Amino acid sequence: MPQIFHRSANTIAKVSIFGTVFFLAGLGWYGATIVRSPWTTRVGHALDQPVPFSHQHHVEGLGIDCRYCHTSVEDSSFAGIPPTQTCMNCHSVMWNKAPMLEPVRESFRTEEPIQWVRVHDLPDFVYFDHSIHVAKGVACITCHGPVNEMPLTWRQNTLRMEWCLQCHKAPEKQIGPKDKVFDVHWKKPANFEETHKEVISEAKLGKITNCSICHR
Amino acid sequence: MKEEASLLAQVREKLQGLKGPQFWKSLDELADNEEFRTYLKEEYPYGAAEFDKPVDRRDFLKLMGASLLLSGLAGCKPQPLEKIVPYVKAVEDIVPGKPLFYATSYLFNGSAIGLLVESHLGRPTKVEGNPEHPESLGATNLFAQASVLSLYDPDRSKAVLNAGRVSTWSRFVTQLAEDLESQKAAQGTGVRVLSGPLTSPTLLAQAKEFLALYPKAKWVEYDPVFRDYERAGSELAFGEVVDPVYSFDKADIVVSLDADFLFSLPGSICYAKQFISRRSLPGDGMNRLYALESTPTLTGAAADHVMRSSASDVLRFAAALAGKTGVTIPSDNTPLTPKETEWLNAVAKDLNANRGKCLVVAGRDQTPAVHALAHAMNKALGNAGTTVKYISPVEERASRHIQALKELSAELASGKVELLITLDVNPVYNAPADLEFEKHYLKAPRRVHYGLFVDETALMAHWHVPGTHYLEHFSDARAFDGTASMVQPLIKPLYAGKSPHEFASALLGKKDESGEDIVINYWKKIWGESDFTTKWRRALHAGFVQGTVSAPKNVSAKSGFNPQEIAYPAAAQGLELIIRPDPSVWDGSFANNSWLQELPKFLTTLTWDNAAIISPKLAEKEGLKQDDVVELKAGAGVVEASIYVLPGQPDESVTVHLGYGRTAGGELAKDRGFNAYRLRTSKEPSFLSGLRLRKTGKTNRLASTQNHHSMENRDLIRKGTLEEYSKDPEFAVVEHHTPYKGDPSMYPQYPYEGYAWGMVINLNACIGCNACVVACQSENNVPTVGKKEVLNSREMHWIRIDRYFSGDLDNPEKDHQPVLCMHCEKAPCEPVCPVGATTHSDEGLNEMTYNRCVGTKYCSNNCPYKVRRFNFFEYADKNVETLKMQRNPDVTVRARGVMEKCTFCVQRINSARIEAKKADRRIKDGDVVTACQSACPTQAIVFGDINDPESAVAKLKKLPLNYGLLTELNTVPRVSYLAKVKNPNPELVPNTGVPSHGH
């Protein structure tokens with residue numbers, strides 16, 4: 001009986017089927033990696049701000065505590081961005097003629113607030129509360145990275161839900177002593193959970209993997 | 001629909017053959033005919049989607065392939081950058097993320113309800129009651145809850161208008177000064193000011209000052225929902241006008257003579273709490289309520305015995321009752337029927353046996369004679385001083401509104417009025433029709449209007465000045481017991497509005513005094529200068545001035561009446577028309593408030609419309625059915641109205657509600673329903689006989705929610721009498737509804753070790769007032785959908801109040817049952833979600849994660865309680881800027897295609913848990929109060945931690961009256977109910993007369 005299909009049809013069929021499968025899988029992997037890449041998550045991207053504020057200078061250089069500017073971090077869900085008044089507390093006297101700080105002075109003069117670009121931005125359907133994290137011993141630098149080494153501010157972590165869940169599933173691995181929450185220089189020793197069991201138990205960590213904890 | 005006549009015949013036949021009590025939500029449900037069953041099936045259709053032109057396979061694959069490819073792409077883009085904007089100078093007290101509460105008061109129908117209003121970043125978002133204020137006691141009514149939306153109403157007036165063109169305040173003041181100047185020589189003889197009731201001490205002082213400046217001018221007060229009859233009645237009984245203040249908690253027997261004291265009197269929130277406190281936990285101290293009703297109201301629904309009567313006959317009843325309780329009355333030519341007499345005898349016996357511990361209340365819409373008789377009865381029964389006290393009128397001038405408006409209208413007609421100023425009133429719309437106010441209003445050569453909206457009166461005025469909402473200005477008011485309440489703003493006026501005091505101060509010729517200063521100056525006069533700041537701050541902090549409750553007055557009532565004081569009506573001719581304020585838009589001032597328009601009115605569950613309410617018998621007689629349009633003629637007025645058949649309505653009466661048929665005042669207010677003010681006359685503003693009703697043959701579908709989300713009558717209300725309860729406290733526990741001993745599941749029980757949230761709804765306490773529905777809508781950003789979607793059963797209320805009738809078709813008992821998400825421990829909605837958008841928390845909450853939901857709707861299909869709501873369209877308004885300000889920032893605003901439901905106010909639970917964790921303690925009972933719980937005047941809803949044995953909810957769940965809905969489905973709901981126990985008089989046949997629950 002004459003063959004309907006040429007011999008090459010075998011090869012074409014195999015190549016196309018395996019090829020499609022691998023191609024789609026590759027596409028999927030590529031997509032999944034793209035979604036986690038800094039291009040999408042902006043990890044490490046120092047975003048352009050109206051004023052090039054340097055946390056390195058203010059925190060490391062001058063030793064200002066986080067709470068001087070981010071005042072409501074222990075009380076409220078929102079940590080707080082300092083009003084122009086806070087900047088002017090010092091900058092009405094120091095560097096008060098510097099061109100770099102002109103937007104700050106202008107804001108204070110015209111009573112128009114400075115429009116900063118938000119670096120740590122969660123989607124609107126996520127309800128994050130700063131005060132409880134701080135109260136339980138999660139240090140600022142745990143999530144925000146070594147802010148005192150950032151001449152411009154960038155996101156250190158992806159802030160994706162999978163990243164949040166890493167801690168929420170096992171919070172005892174991430175928390176530290178309550179008095180070290182605002183200490184940017186404190187380095188957590190290697191097996192903290194074993195050596196400092198009383199810190200962990202005092203934190204009274206509950207079950208925090210329910211959906212409604214963050215999504216409501 | 002089949003002919004209503006045969007429907008009613010079916011219904012009556014069905015009721016005859018009943019063995020146990022049956023509860024029904026509508027006549028269609030009771031008849032249970034083919035059409036109704038089809039309707040039920042179609043609400044949650046099985047396999048409903050049938051395309052007309054099914055898509056062929058190739059197109060289908062193309063579509064699906066493309067969407068699969070495209071769906072992933074949304075996740076690939078980086079999140080758009082957002083700005084974060086701090087203050088320039090931080091505001092003291094405001095911590096972003098934490099709301100602040102301010103005390104203020106809401107002036108409703110002439111008396112002030114004390115409030116605590118929640119404010120997020122300077123925007124008021126939610127109204128709560130003020131626990132220390134006597135008229136609120138921590139609760140609110142539906143009008144106060146909905147008032148926050150009116151603040152942000154996009155149709156509010158934004159600018160001064162001069163003959164329809166935008167102008168300015170200063171131009172208005174200049175013109176006004178000129179007009180008043182020309183009137184000065186004549187001492188203001190041509191000047192008239194028409195305002196609402198002057199219960200604000202500051203505004204009253206300003207009015208007095210105005211009248212001192214222009215001695216011949218008049219300041220007239222008018223409110224379409226008036227207290228005229230009450231005042232005339234007290235004058236008849238005591239010789240002076242006094243306001244009665246009731247103490248229902250001290251009364252063992254209460255008799256209502258057509259009085260809806262649970263809802264529509266000043267102080268009703270407090271009265272409801274007092275009344276229910278004597279019956280919420282049935283037992284020995286339970287009170288008994290007899291209600292004589294001319295139209296079904298909430299008070300009748302809560303009553304143990306209801307006697308229907310035409311409104312004109314209430315006088316007859318009142319007189320007969322007075323005669324039996326020690327008051328001398330003239331004889332009646334048309335005495336009562338034997339059945340009525342039997343009823344009255346039982347009532348009189350109960351009253352006489354409880355002297356000093358009973359109460360007779362006369363309805364606001366009843367004639368002065370009825371009020372006088374009620375006062376005389378209370379005096380004769382020794383109630384004065386215990387269950388009722390009398391105070392000087394809260395409205396100091398205690399004017400007769402209808403009479404005053406009539407005089408004003410006559411003066412306008414004769415051309416006496418040269419300058420007419422209307423302050424927060426809309427007489428062109430709501431004056432009685434026979435006054436022809438619209439016509440005569442135009443005769444005044446200068447007309448000035450002040451109000452929140454450009455309403456019917458503003459359209460005819462020369463000048464319109466935009467008013468401020470009570471959340472935008474300083475003011476004061478009096479509560480029903482005289483307490484001076486403070487009104488303070490939570491936000492600066494959104495538009496160019498002026499407060500009523502600023503407007504009045506312009507009338508006084510004062511230049512640009514601020515509202516705050518005006519109120520401060522008034523109180524400085526009262527308190528003096530020393531220590532003023534402390535007193536002022538204290539008053540603002542509390543929301544009212546301590547120690548200003550009016551002292552009780554000693555009044556002497558008559559012991560008997562002369563025949564001319566009690567004019568018995570002639571035998572009623574034809575149909576009677578009853579005119580009442582609407583249960584949700586009241587007198588029409590809330591007609592543009594979408595929450596209130598969409599709120600299912602109690603008892604009728606109508607939305608977005610008013611109707612002519614008739615009884616089943618009258619429907620049969622006239623051959624009418626629901627949705628038929630009829631023409632109503634009374635006096636000189638003619639309107640066309642849709643029919644609503646309400647079991648419990650007296651047979652020869654037609655009830656209409658005011659507030660609809662508006663022609664201005666906002667997009668939602670216009671052209672909706674019919675204008676019942678056309679049927680009102682100044683002589684008979686509340687009820688009249690001789691109504692002519694004519695069928696037109698047209699129909700107009702009414703959007704009633706009574707059949708929506710039906711749980712199909714499976715033993716939902718459990719009721720009994722006090723006698724049955726005393727004999728068998730466990731009457732509500734029904735064996736075969738819990739067929740399994742222990743847990744029938746193979747899986748181990750989940751150990752709820754931490755908090756376990758649960759709720760108990762006390763059916764003895766729920767009066768069906770709808771405050772919880774609006775409170776939930778306000779707290780949780782629940783959208784409104786409009787009449788068309790309500791007709792499709794798509795109203796979005798997370799909590800609904802099901803209303804059930806039972807017993808005799810013509811005079812049934814009515815029960816209210818709030819239904820919300822039961823947060824079932826074994827929720828049927830959870831396992832069926834394909835994407836895991838609804839999960840169960842370890843505290844027992846059934847969670848809803850909107851961002852995961854893809855809109856399969858399988859969960860709502862599976863829910864037996866039908867409490868899930870789907871956003872079929874983009875119901876949430878994302879365009880109007882001011883409406884965005886009202887939204888609660890702690891709750892997601894849902895988009896199209898997402899399911900939502902009650903969350904037990906998870907935002908409040910989370911916030912309380914965080915505070916408790918920070919303070920290293922447990923959440924105490926009372927830390928978490930859901931929105932519905934806090935709004936309820938009678939505390940029918942109790943929420944808390946059932947794992948805490950000391951919590952209120954845990955204790956209530958242990959009562960034998962506690963039962964769950966549809967527990968035979970093994971859903972293990974966390975929301976349970978306390979069975980209703982009524983306290984009927986054993987000598988009277990109660991409406992149902994059969995024990996226990998229904999099947």
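Keep in mind that what you see is a predicted model, and the values were worked out from it rather than measured. In what follows, every chain begins at residue 1, and chains take the letters A, B, ... in the order their sequences are listed.
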Which distance, rounded to the nearest 0.5 Å, do you find between the [atom1] of [X] and the [atom2] of [Y]?
X: B/Ser841; Y: A/Ile213; atom1: OG; atom2: CD1; answer: 7.5 Å
X: A/Arg216; Y: B/Cys905; atom1: CZ; atom2: SG; answer: 11.0 Å
X: B/Thr839; Y: A/Asn210; atom1: OG1; atom2: CG; answer: 7.5 Å

Which atoms of B/Pro889 approach chain A - backbone, side chain, both or neither, heavy atom under 4.5 Å: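 Contact with chain A is through the backbone of B/Pro889 alone.
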Shortest non-hydrogen separation from B/Gly97 to A/Ser77 and the atoms involved: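 Closest heavy-atom pair between B/Gly97 and A/Ser77: CA-OG, 4.0 Å.
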Against chain A, work out which of [options] has the most heavy-atom pairs shorter than 4.5 Å and name it.
options: B/Ile909, B/Asp890, B/Asp920; value: B/Asp890
options: B/Glu843, B/Arg852, B/Gln907; value: B/Gln907
options: B/Val893, B/Val891, B/Leu845; value: B/Val891
options: B/Val906, B/Asp842, B/Thr849; value: B/Asp842

More than 12 heavy atoms of other residues, nucleotides or ligands under 6.0 Å from [atom1] of [X]: yes or no?
X: B/Met885; atom1: CE; result: yes
X: B/Lys878; atom1: NZ; result: yes
X: B/Arg896; atom1: CZ; result: no
X: B/Arg921; atom1: CZ; result: yes
X: B/Tyr752; atom1: OH; result: yes
X: A/Trp95; atom1: CH2; result: no
X: A/Asn89; atom1: CG; result: yes
X: B/Tyr750; atom1: OH; result: yes

Partner chain B: residue of [options] with the largest heavy-atom pair count (under 4.5 Å):
options: A/Ala32, A/Ser131, A/Ser37, A/Cys87; answer: A/Ser131
options: A/Lys207, A/Gln85, A/Arg42; answer: A/Arg42
options: A/Asp121, A/Val104, A/Leu47; answer: A/Asp121

Donor-acceptor contact present, side-chain B/Asn910 to main-chain A/Ser212, <3.5 Å: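 Indeed, once roles are kept as given, a pair shorter than 3.5 Å links the two residues.
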Any donor-acceptor pair under 3.5 Å from B/Lys98 side chain to A/Asp75 backbone: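 Yes, because the side chain of B/Lys98 sits within donor-acceptor range (under 3.5 Å) of the backbone of A/Asp75.
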Full working for side chain to side chain contact (heavy atoms under 4.5 Å, CB included) between B/Glu847 and A/His215: CA-CA 9 Å; B/Glu847 307 161 315; A/His215 293 293; over 6 Å; no
Per-residue contacts, residues 79-94 of chain B versus chain A, heavy atoms under 4.5 Å: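 When heavy atoms of chain A are the reference, residues 79-94 of chain B contributes B/Gln79, B/Pro80, B/Leu81, B/Glu82, B/Lys83, B/Ile84, B/Val85, B/Pro86, B/Tyr87, B/Val88, B/Lys89, B/Ala90 within the under-4.5 Å range.
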Measure distances from [X] to the heavy atoms of chain B and classify the residue's part below 4.5 Å as side chain, backbone, both or neither.
X: A/Ile81; answer: both
X: A/Tyr127; answer: side chain
X: A/Pro123; answer: both
X: A/Leu159; answer: neither

Non-hydrogen side-chain atoms of A/Ile132 and B/Lys918 separated by less than 4.5 Å: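 Yes, at least one pair of side-chain atoms sits under 4.5 Å.
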